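Values below: every heavy atom of this structure, side chains too, minus hydrogens, waters and symmetry copies. Note that the structure is predicted; figures quoted are calculated from it, not measured. The chains referred to below are lettered A, B, ... by the order of the sequence lines, with proteins before strands, and numbering in each begins at 1.
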2 protein chains.
Amino acid sequence: MATARPGPNLSRIAASLGVSVATVSNALSGKGRVSAELVERIRATAATLGYVPSQAGRALRTGRSGVLGLVLPDISNPLFPQIAQAIEHAAAIAGYGVLIADSRGDVGTQTEAIHRLVERGVDGMVIVPRRGTRIADAGCPVAVIDTPSTPGNTVSADHWQGGREIASHLRNLGHRKILLIGGSSASSVQNDRIGGFKSALDATIKTEVLWIEKLEEQDGPGCLLGLADKVQQGFTAFAAVSDLHALRALTELQRAGIAVPDSASVTGFDDLIWSPVVTPALTTIRMDIAAIAEIAITALVSAIQNGEPIKKGRPREASADEPLHVNRLVTAEKSRVPMQLVVRQSSGPLGLASTNLSAGELLT
Amino acid sequence: MATARPGPNLSRIAASLGVSVATVSNALSGKGRVSAELVERIRATAATLGYVPSQAGRALRTGRSGVLGLVLPDISNPLFPQIAQAIEHAAAIAGYGVLIADSRGDVGTQTEAIHRLVERGVDGMVIVPRRGTRIADAGCPVAVIDTPSTPGNTVSADHWQGGREIASHLRNLGHRKILLIGGSSASSVQNDRIGGFKSALDATIKTEVLWIEKLEEQDGPGCLLGLADKVQQGFTAFAAVSDLHALRALTELQRAGIAVPDSASVTGFDDLIWSPVVTPALTTIRMDIAAIAEIAITALVSAIQNGEPIKKGRPREASADEPLHVNRLVTAEKSRVPMQLVVRQSSGPLGLASTNLSAGELLT
DNA sequence: GTCGGGTGATTAATCGTTTAATCAAACGCC
DNA sequence: GGCGTTTGATTAAACGATTAATCACCCGAC
């Protein structure tokens, strides 16, 4: 239902005060010219009647629904809650509602989801794209949150810098042989993180990348990563591009009897919910999702308000010179938000144990 | 914007075919009387013109927005992605969109969030309540997902039965002294799980409940749970009411050098994303969220379609005999969906190691 | 030949809001 | 006092879809 049922509407207020609906509308929106005294009276009766403006009526007239769409690549991504929460909050402050759409990991479904949102009349949408997908024409302003290196990206965390931060951290702790653990080599976010990581290190430090997805193709999902072997080979630090992988590494190492951080350091990315409570608590990198969401929403809203020609009704022929489906990729002034290192217990200096490892390395 | 911009609307189609808008509307909705041949022609031109019905126009006329609200207690809950995904999917199939609202853990915010949804004109809403909150009058059909023991619950997993399942599992493995690990004693879900757990055991099995929230009030967030001591006291199994707590227990035990599952078993609840990939993989209980979502949405949609008197415009006086804010708590035929035990590696038979533990117990 | 019934389409009203255009009255100014 | 301007409010026309009521027409029946 559009509002409360026989819902107090503008005309009810108008009738009860003996004025016209237009005056009531003007008074409540503060737009036209209404005497201060009348504005006050209208406000009061609106309040006592429990007036709630009908979004449907407003949307129909203004051509704006006041709703934004949020398209997510894979809702089961553990980072999603934070993103959704931040977007919802930022949107609510800006006076917008948030309609969710799940791509379910599939690119086709993503296009379909976008279409559903358009059908529902969203004013704009925030898309967290699936692995370098091209965004289908949406016909409305679109803010993309991915990585700064993605063309069309509106705003995102500076994954590259995040990678540098964690690399410096491990370098300063004395680690010289580091295993990077990634999920899928197709993820631009993960590649950015790894790229940044490597860029912060000089030739004296050896790195290797382990792609879990590739490994699981052989050994099946949930297989061991073989980290104990890696320790034998002299790796003293394991830097995962996600806390999920870090957790996997941490438990695997612990199970193998390798003490963390005494014998090996483990770091993650994203500061997911479990990171502070596992033992040892995970050293990780946090993105300022609230800031990202706010920037994205602000850019989106401003694009909606400025850009849109308000859709003047042109009932006759659509003039052929204007494109039917404009896809406005919104840009923001600040497109990369720095990530913040969170040092906890899972990373530590290359200590006494490292001698063992050197020995192990010799054995190999 | 409501649809694509100068958006093809009913009148455009009507004009291009030389018929009336009403006929077009009838043809597309299949309601009035239109000749089969004309229906076909209208369908065709609607397709070629790329017609997308304006939800705003429809909502205004019918009083139905085609949107459901999803109210969550705390969006950062790791279970949220699954719920949101399932609800969104079920709603999409039923032809509804999903508007999210986050309570941010606060009860006041929850009422406020509900109000925002009502303002946006949702046809109904799904609420996952915060710790036994009373649902504020929403003025529209409401489906509640909590626990079967909560009054007003529409549908949910059978947490009690889930507790029984995991208890039997541990009993059959030979465990006789089990520590239950909960987060907050105020959570009805957790209490149901614990209640069910205990109900499946006889007096020969000793249990104790550890509430993390209470512990953290003393020792600060992220503190150790003191599980090594518990092992010393003879506990051989740790059953957490959430995988998050199970993970915390698992890593703490591993860090303390206690092998899982050889020296102690650990089980969780909910089958969260990391459960299959940690080492050892977590034994847990999974709820059939897809089924729950479908039942909730079905019940909600049927309440919307049957119950609502369609809001006949009554522009004059609201008849005093009908309540202004009816809060329809929707009920479903099947209100409790069974949970399913997922046995992995973190739980095992009480083996050789238990003798150590008996010894440890003697020491205490 | 006219009347009744069915068919296929149109007319027109309506949902609630916004907003350009209009209008009446009051006011200032020469 | 007449004229232009400002102020404060009203009128009326949209927005796009739905739907009850109406209408024209054809066909068979009495």
J.: Counting distance only, does the side-chain N/O of A/Ser25 pair as donor-acceptor with the main-chain N or O of A/Val21 below 3.5 Å?
T.: no

J.: Quick check: any donor-acceptor pair below 3.5 Å linking the side-chain of A/Arg61 to the base of C/dT17?
T.: no

J.: By the definition side-chain contact (heavy atoms from CB on, under 4.5 Å), identify the one residue from A/Val122, A/Asp123, A/Val330 that meets it with A/Ile304.
T.: A/Asp123

J.: In this structure, how many angstroms lie between the C1' atom of C/dT17 and the CZ atom of A/Arg12, rounded?
T.: 16 Å

J.: For C/dT17, does OP1 or OP2 lie under 4.0 Å from any side-chain N or O of A/Ser54?
T.: no

J.: Please report, rounded to the nearest Å, how far the P atom of D/dG16 is from the CG atom of B/Leu28.
T.: 16 Å

J.: Does the distance from a Lys or Arg side-chain N to an Asp or Glu carboxylate O, for A/Arg116 and B/Glu88, drop under 4.0 Å?
T.: yes

J.: Calculate the interatomic distance between A/Tyr51 atom OH and C/dG16 atom P; express it in whole Å.
T.: 10 Å

J.: Taking atom P of D/dG16 as reference, at what distance in whole Å does atom CD of A/Glu119 sit?
T.: 17 Å

J.: Using whole Å, what does the distance between atom C1' of nucleotide D/dT18 and atom CG of B/Asn9 come to?
T.: 14 Å

J.: With the criterion being N/O to N/O and under 3.5 Å, what pairs connect the protein with nucleotides 8-10 of chain D, and how long is each?
T.:
residue	atom	partner	partner atom	Å
D/dG8	N7	A/Arg33	NE	3.3
D/dG8	O6	A/Arg33	NH2	3.1
D/dA9	OP1	A/Ser35	OG	3.1
D/dA9	OP2	A/Ser35	N	2.5
D/dA9	OP2	A/Ser35	OG	3.2
D/dT10	OP1	A/Ser20	N	3.2
D/dT10	OP2	A/Ser20	N	3.0
D/dT10	OP2	A/Ser20	OG	2.8
D/dT10	OP2	A/Thr23	OG1	2.2

J.: For C/dT17, take OP1 and OP2 only and decide whether either is under 4.0 Å from a side-chain N or O of A/Ser25.
T.: no

J.: Give me each pair satisfying side chain to side chain donor-acceptor pair (under 3.5 Å) with a member in residues 38-48 of chain A, each pair once, sequence neighbours excluded.
T.: A/Glu37-A/Arg41

J.: Report the distance from atom CG of A/Leu60 to atom P of D/dG16, rounded to the nearest whole Å.
T.: 7 Å

J.: Between B/Lys31 (NZ) and D/dA20 (P), how many Å, whole number?
T.: 9 Å

J.: Could you give the distance from CD1 (B/Ile100) to CG (B/Leu68), rounded to the nearest 0.5 Å?
T.: 14.0 Å

J.: Check the distance between D/dG16's P and B/Arg64's CZ and give it to me in whole angstrom.
T.: 23 Å

J.: Can you find a donor-acceptor N/O pair under 3.5 angstrom joining the side chain of A/Arg58 to the base of C/dT18?
T.: no

